[in-house]
Amino acid sequence: IITAMTAKSFGHRQLAYHAMARFLDKVAADSAFAERFQIMLVLHSLRGAIEQAYQRLPAVIATFVSQSLHVLVRPEHAMYEQLNRFLLQRAQLDLTDIPMFYSLFNSSNAKEFKFERGWILKVLLDSVSPTGLDLPIFRRRHVFELLMGFFDVGFSDAYTCRLVLQILERCVMIPSFLVALVESHGLVAWLSRLVSADRVGGDSAAIARDRSNKEEETGTPGTNSDAD
């Protein structure tokens with residue numbers, strides 16, 4: 001339902017909004033559902049951010065909400081307390097932001113920092129989409145600089161590096177993301193340096209090498225529009 005709110009089709013979004021409203025009513029009425037208040041908290045924070053009828057959502061917001069719902073019905077989940085605290089501290093989500101990105105990517109949790117960073121990176125990975133709404137958010141929050149710069153710090157780990165490369169791999173499949181990465185963020189030079197330095201091994205190096213070769217062979221697409 002939440003993912004359908006990112007659809008280009010007005011009709012699909014209209015159906016999704018009606019379905020969410022009915023779902024929210026049922027959850028609120030089900031006193032036997034132990035986690036109903038957490039579900040209502042997430043959905044009310046989303047609904048409060050909607051400014052237009054059947055507004056199209058950025059994919060990163062829809063993905064964050066979907067993943068939050070998955071966590072908040074599982075009190076034992078490692079992200080449960082953090083998500084609860086985050087949502088309780090604000091009346092609504094910011095649809096022009098990536099919720100919790102900075103705090104989780106730069107986690108200060110000595111015990112769970114890798115898990116928290118991985119969780120938000122998986123949100124990014126699942127949200128790379130040609131909606132036309134997400135690239136400005138990624139650029140505004142300096143996502144590309146932070147991801148690519150992660151390889152240059154001494155504490156970078158192989159697991160996170162693989163996730164970063166997977167995100168960038170998906171990004172380069174979308175023309176507007178690719179143009180931004182090549183023209184504004186030096187993607188080709190970064191990939192070449194990465195491969196030359198053998199910074200990561202295995203599948204990650206193969207991904208980097210393949211993307212670097214492909215960009216050098218094909219060049220930058222001549223359009224900066226997303227394809228739906």
Side-chain angles (χ1 to χ4, degrees), residues 1-28 30 33 35-74 77 79-80 82-84 86-87 90 92-101 104-105 116-141 143-144 147 163-164 166-178 180 225-228:
I1 294 174
I2 303 299
T3 301
M5 294 179 180
T6 70
K8 184 177 182 180
S9 165
F10 178 85
H12 290 168
R13 296 201 308 275
Q14 190 175 37
L15 288 172
Y17 272 88
H18 285 306
M20 187 186 77
R22 293 186 63 184
F23 174 73
L24 189 53
D25 288 342
K26 286 185 176 294
V27 168
D30 187 359
F33 183 28
E35 282 74 41
R36 69 185 186 281
F37 293 115
Q38 279 70 35
I39 299 302
M40 292 167 62
L41 179 63
V42 179
L43 296 182
H44 280 303
S45 70
L46 173 62
R47 190 164 68 176
I50 305 298
E51 297 178 342
Q52 302 173 9
Y54 312 117
Q55 182 175 340
R56 190 181 187 187
L57 297 182
V60 71
I61 296 295
T63 304
F64 177 83
V65 170
S66 297
Q67 292 300 321
S68 296
L69 291 171
H70 175 81
V71 169
L72 292 175
V73 295
R74 295 168 175 80
H77 196 284
M79 289 296 300
Y80 184 87
Q82 282 221 56
L83 280 168
N84 256 318
F86 173 82
L87 293 167
R90 49 196 42 79
Q92 63 192 45
L93 294 175
D94 182 352
L95 301 186
T96 66
D97 199 1
I98 302 173
M100 301 183 75
F101 174 60
L104 294 179
F105 186 76
E116 292 176 359
R117 185 185 295 135
W119 189 86
I120 197 63
L121 288 178
K122 287 177 182 176
V123 168
L124 292 185
L125 179 63
D126 291 341
S127 68
V128 176
S129 175
T131 62
L133 303 174
D134 291 274
L135 178 59
I137 297 175
F138 275 52
R139 300 187 78 166
R140 175 174 173 261
R141 305 314 290 169
V143 170
F144 300 132
L147 296 187
L163 282 174
V164 168
Q166 288 167 9
I167 293 167
L168 294 175
E169 183 184 22
R170 288 195 183 178
C171 286
V172 301
M173 302 304 292
I174 301 172
S176 62
F177 276 80
L178 178 56
S225 62
D226 286 319
D228 283 285

How long is the span from the [atom1] atom in [X] to the [atom2] atom in [Y], to the nearest 0.5 Å?
{"X": "Met100", "Y": "Leu87", "atom1": "CE", "atom2": "CG", "answer": "8.0 Å"}
{"X": "Lys122", "Y": "Gln166", "atom1": "NZ", "atom2": "CD", "answer": "9.5 Å"}
{"X": "Arg56", "Y": "Ser9", "atom1": "CZ", "atom2": "OG", "answer": "9.5 Å"}
{"X": "Leu178", "Y": "Leu168", "atom1": "CG", "atom2": "CG", "answer": "11.0 Å"}
{"X": "Ile120", "Y": "Leu124", "atom1": "CD1", "atom2": "CG", "answer": "6.0 Å"}
{"X": "Asn84", "Y": "Met79", "atom1": "CG", "atom2": "CE", "answer": "10.5 Å"}

N/O donor-acceptor pair under 3.5 Å between Arg47 side chain and Met20 backbone: no
Check whether any side-chain N or O of Arg13 sits under 3.5 Å from a backbone N or O of Ala7 as a donor-acceptor pair, and report yes or no. yes
Which pair of heavy atoms, one from [X] and one from [Y], lies closest together, and at what distance?
{"X": "Leu135", "Y": "Ala180", "result": "CD1-CB, 4.2 Å"}
{"X": "Leu125", "Y": "Arg170", "result": "O-NH1, 2.9 Å"}
{"X": "Thr3", "Y": "Ser66", "result": "OG1-OG, 4.3 Å"}
{"X": "Ile1", "Y": "Ala16", "result": "CG2-O, 3.3 Å"}
{"X": "Ala59", "Y": "Ser129", "result": "CB-CB, 3.7 Å"}

His18 vs Tyr54, test: ring-ring contact (aromatic ring centres under 6.0 Å, His included). Steps then yes/no. CA-CA 9 Å; His18 285 306; Tyr54 312 117; 5.6 Å; yes
Tell me whether the count of non-hydrogen atoms from other residues, nucleotides or ligands lying under 6.0 Å of CZ in Phe10 goes above 12. yes
Take atom NE2 in His12; do more than 12 heavy atoms of anything else shown fall under 6.0 Å from it? no
Do the non-hydrogen side-chain atoms of [X] and [Y] ever get within less than 4.5 Å of each other?
{"X": "Leu83", "Y": "His77", "value": "no"}
{"X": "Glu51", "Y": "Leu95", "value": "no"}
{"X": "Pro99", "Y": "Ile61", "value": "yes"}
{"X": "Val65", "Y": "Met5", "value": "no"}
{"X": "Leu72", "Y": "Glu35", "value": "no"}
{"X": "Arg140", "Y": "Asp97", "value": "yes"}
{"X": "Thr63", "Y": "Thr6", "value": "no"}
{"X": "Ile98", "Y": "Phe64", "value": "no"}

Apply side chain to side chain contact (heavy atoms under 4.5 Å, CB included) to Leu69 and Leu43, showing your working. CA-CA 9 Å; Leu69 291 171; Leu43 296 182; 4.3 Å; yes
Could you walk me through whether Ile167 and Val143 pass side chain to side chain contact (heavy atoms under 4.5 Å, CB included), step by step? CA-CA 11 Å; Ile167 293 167; Val143 170; 5.8 Å; no
Arg90 charged N/C atom sitting above Phe86 aromatic ring, 6.0 Å / 45°: yes
Tyr80: ring pair (Phe, Tyr, Trp, His ring centres under 6.0 Å) partners, not counting sequence neighbours: none
Check the pair Leu104 / Leu121 against side chain to side chain contact (heavy atoms under 4.5 Å, CB included), numbers first and verdict last. CA-CA 9 Å; Leu104 294 179; Leu121 288 178; over 6 Å; no
Val60 vs Phe101, test: side chain to side chain contact (heavy atoms under 4.5 Å, CB included). Steps then yes/no. CA-CA 11 Å; Val60 71; Phe101 174 60; over 6 Å; no
Look at the aromatic rings of Phe144 and Phe138 and report parallel, tilted or perpendicular, splitting at 30° and 60°. tilted
